[in-house]
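Notes to accompany the following structure.
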There are 2 protein chains.
Amino acid sequence: MTTAREMFHQHGVRGVGIEAITEAAGTNKMTLYRHFASKDDLIVECLQRAAKESYLKWDELERQYPGDPKAQLHSWIENAAECISGDWRGCEMANTAVELADDDHPAKRVIEEVKKNHRNFLAKLCARAGLDQPELAADMLGLLLEGARISRQSEGQEGPSARFKRMAEEVIATVGGLADKA
Amino acid sequence: MTTAREMFHQHGVRGVGIEAITEAAGTNKMTLYRHFASKDDLIVECLQRAAKESYLKWDELERQYPGDPKAQLHSWIENAAECISGDWRGCEMANTAVELADDDHPAKRVIEEVKKNHRNFLAKLCARAGLDQPELAADMLGLLLEGARISRQSEGQEGPSARFKRMAEEVIATVGGLADKA
DNA sequence: CGTCGGTGTTACCGGTCAGTAACTATCTGG
DNA sequence: CCAGATAGTTACTGACCGGTAACACCGACG
């Protein structure tokens with residue numbers, strides 16, 4: 001199943017077949033179909049596992065710097081930057097959303113929920129950090145990250161996504177961070 | 001061919017077949033294959049047409065407010081916001097880049113070139129508008145747009161992408177716009 | 001009138017892929 | 001040692017899709 005996530009991410013959910021996944025995982029199709037009803041089901045469960053990982057990571061991020069929301073925010077930036085600079089192919093969620101043009105696909109609900117939670121988490125961090133416009137800052141950080149992950153797939157590692165960290169710092173410093181100067 | 005672009009955009013390049021395209025265009029497969037060598041070829045030419053449209057739009061944008069780079073910048077924001085709010089499914093280029101996991105695909109070169117040109121165009125506008133940090137502002141505007149277009153596919157029209165205009169204005173006002181206050 | 005470039009039509013090939021069936025092997029717990 | 005659950009194997013179906021072949025059609029131009 002970890003293999004499934006890797007392959008879905010690497011080649012896209014539409015670009016890899018069940019057989020290739022099971023083969024790479026050292027098993028076969030039948031075993032997989034005894035655990036998952038369909039390929040769509042497998043996709044959904046992969047995304048849900050990814051979602052759970054994200055939630056854990058956010059929790060850990062808060063626990064790492066208790067009572068210091070500014071540090072939490074910077075840690076988030078650090079974390080996000082790592083997501084971009086790796087050899088990863090963007091965001092599992094966003095990529096899948098692009099590939100699954102059908103709005104009725106069950107995976108879409110998972111994706112939407114995670115993205116909404118991410119936004120709320122960011123807004124919470126921004127508000128706690130005392131930013132002047134936490135909602136605006138959260139939206140900007142979220143979209144900058146989303147854009148950076150996509151841009152990496154269009155322009156490669158040397159594109160604008162390489163400057164993500166600086167941009168994010170700029171956002172919390174100037175956009176919502178007027179409280180610093182007050 | 002216009003039909004091809006619409007359908008590629010609506011269902012994704014991997015999600016629609018040649019037959020569906022030709023049928024929707026009121027013709028058939030053979031006629032298409034007499035003009036295009038392969039599906040990949042069709043994709044590339046569609047993207048190149050999209051690229052040409054973008055270049056024309058940028059030129060028009062500069063011609064619309066000659067000698068007034070600030071107005072050009074705001075007009076760019078307006079234009080970008082329209083791209084998001086429509087019923088469109090994100091950016092043709094970025095979506096295709098996500099779908100075509102293979103880095104060697106000829107379409108990737110087209111996409112990369114357009115994105116680079118877009119970034120340079122933005123940087124030029126920002127510099128001419130007298131922004132303090134034109135490169136940084138251009139990167140941010142570009143990634144915000146990219147992120148907004150992707151977010152629309154994950155979170156729908158009501159998500160952060162709805163606030164794109166405000167974010168972009170904030171960027172040129174505070175991030176690179178210190179020249180205003182000087 | 002003839003022929004020639006472009007178009008439409010039908011049928012087909014080869015490949016891939018999701019999903020299933022039937023059978024066998026292996027390991028478990030009692 | 002036996003029973004039952006789990007996993008492996010092979011082969012298959014049915015559908016879709018990219019691409020091609022062969023042939024009939026129609027308009028233009030000489």
Side-chain angles (χ1 to χ4, degrees), chain A residues 1-50 89 92-93 95-111, chain B residues 1-50 89 92-93 95-111:
Chain A
M1 176 151 187
T2 309
T3 314
R5 272 184 63 192
E6 277 172 18
M7 295 198 68
F8 278 153
H9 189 213
Q10 203 59 37
H11 307 99
V13 290
R14 295 185 99 138
V16 67
I18 294 286
E19 202 133 24
I21 295 174
T22 57
E23 196 176 324
T27 175
N28 54 9
K29 239 190 318 186
M30 270 318 295
T31 334
L32 190 145
Y33 275 105
R34 285 189 190 110
H35 292 277
F36 304 96
S38 65
K39 187 182 184 181
D40 284 344
D41 188 37
L42 176 62
I43 294 173
V44 169
E45 299 223 23
C46 281
L47 290 183
Q48 270 167 348
R49 178 171 290 203
R89 232 177 53 86
E92 291 177 84
M93 304 277 169
N95 285 1
T96 308
V98 170
E99 281 192 275
L100 269 33
D102 182 13
D103 275 344
D104 299 334
H105 197 287
K108 286 293 184 79
R109 289 217 315 275
V110 181
I111 296 170
Chain B
M1 176 152 185
T2 308
T3 313
R5 270 184 63 192
E6 278 173 18
M7 297 198 67
F8 278 153
H9 189 214
Q10 202 60 36
H11 308 98
V13 291
R14 295 185 100 138
V16 66
I18 294 287
E19 202 132 25
I21 295 174
T22 56
E23 197 176 323
T27 175
N28 54 10
K29 240 194 310 190
M30 271 317 295
T31 333
L32 189 146
Y33 276 105
R34 285 186 190 113
H35 292 276
F36 304 96
S38 65
K39 187 182 185 181
D40 284 344
D41 188 37
L42 176 62
I43 293 173
V44 169
E45 300 223 23
C46 280
L47 290 183
Q48 271 166 347
R49 177 171 291 202
R89 231 177 54 87
E92 290 178 84
M93 304 277 169
N95 285 1
T96 308
V98 170
E99 281 192 273
L100 269 33
D102 183 12
D103 275 345
D104 298 335
H105 197 287
K108 286 293 185 80
R109 289 217 317 273
V110 181
I111 296 170

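Here is the naming used below: chain letters follow the sequence lines, and residue numbers restart at 1 for every chain.
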B/His11 side-chain N/O to A/Ala101 backbone N/O, donor-acceptor pair under 3.5 Å = no
How close or far is atom [atom2] of [N] from atom [atom1] of [X], stated in whole angstroms?
X       : N      : atom1 : atom2 : result
A/Met30 : D/dT10 : CE    : P     : 14 Å
A/Phe8  : C/dC17 : CZ    : C1'   : 13 Å
A/Lys39 : D/dA15 : NZ    : P     : 19 Å
A/Asn28 : D/dT6  : CG    : C1'   : 12 Å
B/Ile21 : D/dC17 : CD1   : P     : 11 Å
A/Glu19 : C/dT16 : CD    : P     : 11 Å
A/Phe36 : C/dT20 : CZ    : P     : 15 Å
A/Lys29 : C/dC17 : NZ    : P     : 10 Å

Considering only side-chain heavy atoms of B/Tyr33, which listed nucleotide, C/dA18, D/dT20, D/dA7, is closest?
->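 Within the option list, the nearest is D/dT20.
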For the residue pair [X] and [Y], what are the closest heavy atoms and their distance?
X        : Y        : answer
A/Ile21  : A/Met7   : CA-SD, 3.8 Å
B/Thr2   : B/Arg49  : OG1-NH1, 4.1 Å
B/Ala107 : B/Leu100 : CB-CD2, 3.9 Å

Does a side-chain N or O of [X] approach OP1 or OP2 of [N] to a distance below 4.0 Å, or not?
X       : N      : answer
B/Thr27 : C/dT7  : no
A/Thr31 : D/dG8  : yes
A/Ser38 : C/dA18 : no
A/His35 : D/dA7  : yes

Any donor-acceptor N/O pair under 3.5 Å between C/dG5 base and B/Arg34 side chain |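 Looking at the base of C/dG5, it does not pair with any donor or acceptor on the side chain of B/Arg34 (distance under 3.5 Å).
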Output yes when A/Glu99 and B/Arg14 qualify as a salt bridge under the 4.0 Å nitrogen-oxygen rule, no when they do not.
-> no
